[in-house]
Amino acid sequence: MTAAEPKPESVSPNPAKSMDAIMALCKRRGFIYQASEIYGGINGFWDYGPLGAQLKKNLRDAWWQDMIMNPCWGRSGPGGQRVRCVPVETCIIQHPKVWEASGHVGGFNDPMVDDKETKQRFRADHLVGLFVVPAENQYIDKAKRPGIRKAALSGQLAPVRSFIASNESEAHLALQELKKRDLGGLDVRAAHVQIDGSESWHAFDMDSARGQMHGLLVQIPMRILEQTHTTIPSPFTGKAGSLTPPRQFNLMFKTYVGATATESDIAYMRPETAQGVFVQFKNVVDTTRVKIPFGIGNTGRSFRNEVTPRNFTFRSREFEQAELEFFCHPSESVEWYQFWRDFRMEWWKSIGLAGDNLILREHEKDELSHYSQGTSDVEYRFPFTAPGFGELEGIAHRGCFDLTQHQTHSKQKMEYFDASRGELAPNGQPKGEWYMPHCIEPAAGLDRGALALICEAYTKDESRASPEFLKLHPRLAPIKAAVFPLVNKDGMPEIAEKLHAELTAKFWRQGSIEMDEKQSIGKRYARMDEAGCPFCFTVDGDTVKDQTVTLRDRDTGAQQRMALDKVASFLSEKLGA
RNA sequence: GCGGGCGUAACUCAAUGGUAGAGUGUCAGCCUUCCAAGCUGAAUGUUGCCGGUUCGAGUCCGGUCGCCCGCUCCA
């Protein structure tokens with residue numbers, strides 16, 4: 001920060017962290033490369049180098065361990081029972097109907113319009129405008145009968161009201177509705193519908209407080225919507241100015257299944273892993289003896305044609321998710337929602353995002369989907385979002401929306417029979433209860449998580465011999481430890497090699513143990529600092545005499561003497577292995 | 001999608017329209033008993049890509065791709 005641009009400490013606690021410097025380090029040390037770089041790169045795609053791949057694997061493993069194998073570190077859920085989760089691994093390509101049921105296809109393949117005020121989105125071709133002019137108006141002059149239509153369809157006349165209707169009968173319903181409503185001073189008493197030949201528009205006469213009026217109900221053409229969206233009243237609020245122009249949301253990656261590549265072979269790459277879980281919900285229930293409440297986890301690549309991929313790997317078009325769908329009885333869903341929301345926040349803290357840069361943000365009521373009773377984001381203050389935050393994970397109460405959708409579209413029963421519920425039978429056993437489970441969804445982005453870990457770990461301290469270094473949590477660090485002979489002679493390399501072999505044999509499951517005898521000791525420490533390696537063990541002349549080595553700590557640079565045979569147990573404790 | 005900025009070695013950057021360079025890193029050798037230390041040497045570039053102007057283009061012009069920033073968007 002220069003003196004000319006002071007930045008208060010409270011606004012940005014890490015002003016020294018520049019994204020350019022972080023990106024340069026990521027490239028230099030082999031964490032992240034641009035995808036297809038030798039061909040000029042491809043917008044929205046990034047590859048991981050050796051250290052990045054291991055970092056991300058460690059993050060994925062940590063999620064898998066703490067969410068599936070030993071959920072919530074063995075903690076009890078709201079009902080006092082142990083949390084139980086199982087994994088699945090589902091295909092990137094699913095039956096196209098999966099995405100129709102989920103709402104990803106259909107709803108988002110057509111040009112869409114947003115109402116900025118109510119945050120509602122609808123298909124542009126479903127917007128119907130009501131155009132009204134006084135009977136004596138020139139547009140409606142008998143000699144120029146089609147005038148009102150022409151005026152409406154050319155954008156000269158703005159609609160007094162708009163509706164969402166996808167077909168003729170819905171348009172009629174909207175018209176019926178008119179009779180009961182007040183339309184900005186127009187008290188519509190009666191409307192006589194007259195189908196005027198074209199299916200897409202309806203002209204009618206009506207009585208109003210202002211006398212005889214002529215009306216026209218017509219689908220607003222796309223090109224008119226583009227030009228006049230600011231003057232068209234919102235179908236939700238009736239106020240003009242809040243509609244966006246129609247926009248194509250082609251966010252699904254399309255592909256073809258089979259060699260012929262015809263229209264009927266179209267399939268989509270998944271935009272989220274969650275639907276794989278819902279689609280296999282019955283199979284998991286029927287084949288694995290799980291009982292509600294329980295969770296199903298799924299990790300893997302997902303694809304979205306983001307409008308604007310930006311901010312390094314934060315919003316990329318191919319990304320990896322780690323999602324849990326936790327199923328419970330509707331009456332317990334809010335408690336489970338709160339439980340998962342709190343645990344997920346705690347989890348991110350436990351792997352190194354412990355400072356003020358991490359927040360849990362509960363969504364406002366008007367941000368929620370219509371079916372959700374609660375949604376929270378775990379958000380991190382990235383250098384490029386500061387002083388704001390970017391989402392790492394969303395924890396959503398999805399109610400029974402997804403299972404119900406798939407039940408409707410697949411016509412397969414998705415309800416769960418809970419033998420532990422229901423009235424008691426004469427023999428004292430519960431009769432059981434059928435219900436559609438509710439679902440709590442903690443859905444994390446692994447690429448965003450890895451990026452947040454790197455940003456949080458990145459530290460610049462000009463007073464150090466190695467000014468730039470990564471303070472990665474030992475559990476996540478791709479390189480767990482390094483072994484150096486202080487000098488490459490006098491028996492030191494041999495001892496170092498032996499220690500390196502011992503540590504590798506013990507810890508290869510967690511990450512790599514490096515051995516480096518080249519160049520000065522300072523350079524070797526500095527190299528390991530940039531790679532985020534937390535511990536270095538140096539064999540020196542004394543090692544031969546007293547069987548001790550120097551432990552050098554990455555974060556403090558402090559050194560301490562340690563018995564050679566204690567190194568493994570020390571590391572074991574630090575790595576939680 | 002719109003507007004602005006920028007693309008030269010692995011990284012950070014130089015180079016009046018006139019022979020593509022430096023520092024760092026990397027690698028090798030020597031030397032070194034704890035912090036990018038020292039000495040010697042080496043490798044690495046169709047200056048993002050394509051075209052144009054010019055005797056001559058890293059430099060000027062057009063296009064394109066990519067990255068960054070601001071809007072927009074983020075189901």
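Here is how names work: the chains are called A, B, and so on, in the same order as the sequence lines, proteins then strands, and each is numbered from 1. Just so you know, these numbers use all the heavy atoms, side chains as well, and skip hydrogens, waters and symmetry mates.
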Item to check | Distance, C1' atom - from U8(B) to U47(B), rounded to whole angstrom | outcome: 4 Å
Next on the checklist: Which residues in residues 445-453 of chain A have a heavy atom closer than 4.0 Å to any atom of RNA chain B?
Outcome noted: none
Checklist entry - With sugar-phosphate meaning primed atoms plus P, OP1 and OP2, does Met492(A) contact a base, only sugar-phosphate, or nothing at under 4.0 Å between heavy atoms? => result base
Item to check | Atom C1', compared across G66(B) and C49(B): separation rounded to whole Å | outcome: 10 Å
Next on the checklist: Counting the atoms with a prime plus P, OP1 and OP2 as sugar-phosphate, which does Arg554(A) contact under 4.0 Å by heavy atoms, base, sugar-phosphate, or nothing?
Outcome noted: nothing
Checklist outcome for this item: Side-chain contact check for Thr538(A): nearest option of C34(B), G29(B), G1(B) is C34(B)
Checklist entry - What nucleotide, of A36(B), C27(B), G66(B), holds the atom closest to the side chain of Arg29(A)? => result A36(B)
Checklist entry - What string of B, S and - do you get for nucleotides 2-12 of chain B 5' to 3' if you count protein non-hydrogen atoms under 4.0 Å? => result --------SSS
Next on the checklist: Over all strands shown, is Gly30(A) touching base, sugar-phosphate only, or nothing at heavy-atom distances under 4.0 angstrom?
Outcome noted: nothing
Item to check | Between U44(B) and U24(B) - C1' atom distance, rounded Å | outcome: 14 Å
Checklist entry - With a 4.5 Å limit on heavy-atom distance, are the side chains of His409(A) and His95(A) in contact? => result no
Checklist entry - Donor-acceptor pair, Glu320(A) side chain versus Leu446(A) backbone, under 3.5 Å? => result no
Item to check | C1' spacing across the pair G45(B) / G58(B), given as an integer number of angstrom | outcome: 11 Å
Next on the checklist: As a test of understanding, state which of Glu391(A), Glu379(A), Glu393(A) forms a salt bridge (Lys or Arg N to Asp or Glu O under 4.0 Å) with Arg361(A).
Outcome noted: Glu379(A)
Item to check | Minimum-distance nucleotide (side-chain atoms of Ser520(A) versus A36(B), A37(B), C67(B)) | outcome: A37(B)
Item to check | Closest to the Pro271(A) side chain, choosing from C34(B), A75(B), U32(B) | outcome: A75(B)
Next on the checklist: Over 60° means perpendicular and under 30° means parallel, so tell me whether Tyr525(A) and Phe484(A) are parallel, tilted or perpendicular.
Outcome noted: tilted
Item to check | Rounded distance (Å) that lies between atom P of C35(B) and atom CZ of Phe537(A) | outcome: 19 Å
Next on the checklist: Rounded to whole Å, please give me the gap between CG in Leu551(A) and C1' in C34(B).
Outcome noted: 13 Å
Checklist entry - Of the nucleotides C34(B), A75(B), U26(B), which one has an atom closest to the side chain of Arg304(A)? => result A75(B)
Checklist entry - So, His500(A) side chain and Ile513(A) main chain: donor-acceptor pair closer than 3.5 Å or not? => result yes
Checklist entry - Do the ring planes of Phe327(A) and Phe281(A) sit parallel (below 30°), tilted (30 to 60°) or perpendicular (above 60°)? => result tilted
Checklist entry - What is the nucleic acid contact for Phe384(A), judged by heavy atoms within less than 4.0 Å: base, sugar-phosphate only, or nothing? => result sugar-phosphate
Checklist entry - Asp546(A) and Thr548(A): side-chain donor and acceptor closer than 3.5 Å? => result yes
Item to check | Out of G66(B), C35(B), U32(B), whichever nucleotide has its closest atom nearest the side chain of Asn488(A) | outcome: U32(B)
Checklist entry - Taking the P atom of each, how far is A15(B) from C60(B), in whole Å? => result 12 Å
Checklist entry - Does Glu456(A) offer a backbone N or O that forms a donor-acceptor pair with the side chain of Tyr380(A) under 3.5 Å? => result yes
Item to check | Stems involving RNA chain B, each a run of at least 3 consecutive Watson-Crick or G-U pairs under 3.5 Å | outcome: B:1-7 with B:65-71, B:10-13 with B:21-24, B:26-30 with B:38-42, B:48-52 with B:60-64
Checklist entry - Residues from residues 388-404 of chain A sitting under 4.0 Å of RNA chain B, heavy atoms only? => result none
Next on the checklist: Any base atoms under 4.0 Å from Arg464(A), or only sugar-phosphate, or nothing? Heavy atoms, all strands.
Outcome noted: nothing
Checklist entry - RNA chain B: Val549(A) or Gly41(A), which has the more 5' nearest nucleotide? => result Val549(A)
Checklist entry - Which part of the nucleic acid, if any, lies within reach of Asp542(A) when heavy atoms closer than 4.0 Å are counted: base, sugar-phosphate only, or nothing? => result nothing
Next on the checklist: When the C1' atoms of C27(B) and G70(B) are compared, how many Å lie between them, rounded to an integer?
Outcome noted: 44 Å
Checklist entry - Does any donor atom in the side chain of Glu323(A) or Thr273(A) lie under 3.5 Å from an acceptor atom in the other side chain? => result yes
Item to check | Given U32(B), A36(B), C67(B), the nucleotide with the shortest approach to the side chain of Met23(A) | outcome: C67(B)
Checklist entry - Can you check side-chain contact (heavy atoms from CB on, under 4.5 Å) on Thr255(A) and Ile93(A), steps first, answer last? => result CA-CA 9 Å; Thr255(A) 187; Ile93(A) 292 176; 3.9 Å; yes
Checklist entry - Within the side chain of Thr385(A), is there an N or O that forms a donor-acceptor pair under 3.5 Å with the backbone of Arg381(A)? => result no
Item to check | Distance between P atoms of G62(B) and A9(B) (Å, rounded) | outcome: 24 Å
Next on the checklist: Given U32(B), C35(B), C34(B), identify the nucleotide with an atom nearest to the side chain of Ala465(A).
Outcome noted: C35(B)
Checklist entry - Among C73(B), A36(B), C34(B), which nucleotide sits nearest the side chain of Lys523(A)? => result A36(B)
Item to check | Distance, C1' atom - from C11(B) to U72(B), rounded to whole angstrom | outcome: 34 Å
Next on the checklist: Within the 4.0 Å heavy-atom criterion, would you say Arg317(A) contacts the bases, only the backbone, or no part of the nucleic acid?
Outcome noted: nothing
Checklist entry - What does Asn43(A) touch in the nucleic acid at a heavy-atom separation under 4.0 angstrom: a base, only the sugar-phosphate, or nothing? => result sugar-phosphate
Next on the checklist: If you compare all heavy atoms of Thr543(A) against all heavy atoms of Thr538(A), which two are closest, and at what distance to 0.1 Å?
Outcome noted: OG1-O, 4.5 Å
Next on the checklist: Please give me the minimum heavy-atom distance between Pro383(A) and Ile22(A), naming the atom from each residue.
Outcome noted: CG-CD1, 4.0 Å
Checklist outcome for this item: Regarding the side chain of Ile521(A), the nearest nucleotide among C69(B), C35(B), U72(B) is C35(B)
Item to check | Pair Phe570(A) and Phe535(A), ring centroids less than 6.0 Å apart | outcome: yes
Item to check | Donor-acceptor pair under 3.5 Å, Arg552(A) side chain vs C35(B) base | outcome: yes
Checklist entry - Is it true that Arg561(A) and Asp540(A) have a side-chain N and a carboxylate O under 4.0 angstrom from each other? => result yes
Checklist outcome for this item: In short, salt bridge (Lys or Arg N to Asp or Glu O under 4.0 Å) pairs touching residues 461-472 of chain A with sequence neighbours left out are Arg28(A)-Glu468(A), Lys460(A)-Glu462(A), Arg464(A)-Asp529(A)
Next on the checklist: Just to verify, which of Lys56(A), Arg60(A), Arg301(A), Arg317(A) counts as forming a salt bridge (Lys or Arg N to Asp or Glu O under 4.0 Å) with Asp447(A)?
Outcome noted: Lys56(A)
Next on the checklist: Counting primed atoms plus P, OP1 and OP2 as sugar-phosphate and everything else as base, spell out the protein contacts along nucleotides 41-47 of chain B at 4.0 Å heavy-atom distance: B, S or - for each nucleotide, 5' to 3'.
Outcome noted: -------
Checklist entry - Donor-acceptor pair, Arg270(A) side chain versus Ser302(A) backbone, under 3.5 Å? => result no
Checklist entry - At under 4.0 Å between heavy atoms, what does Glu530(A) touch on the DNA or RNA strands: base, sugar-phosphate, or nothing? => result base
Checklist entry - Taking Gln405(A) for the side chain and Ala101(A) for the main chain, is one N or O donor matched with an acceptor at less than 3.5 Å? => result yes
Checklist entry - With under 30° as parallel and over 60° as perpendicular, where do the rings of Phe382(A) and Phe314(A) fit, or are they tilted in between? => result perpendicular
Checklist entry - Is Phe484(A) touching bases, backbone alone, or none of the nucleic acid, heavy atoms closer than 4.0 Å? => result nothing
Checklist entry - Below 3.5 Å, does any donor atom in the side chain of Thr550(A) face an acceptor in the base of C34(B), or the other way round? => result yes
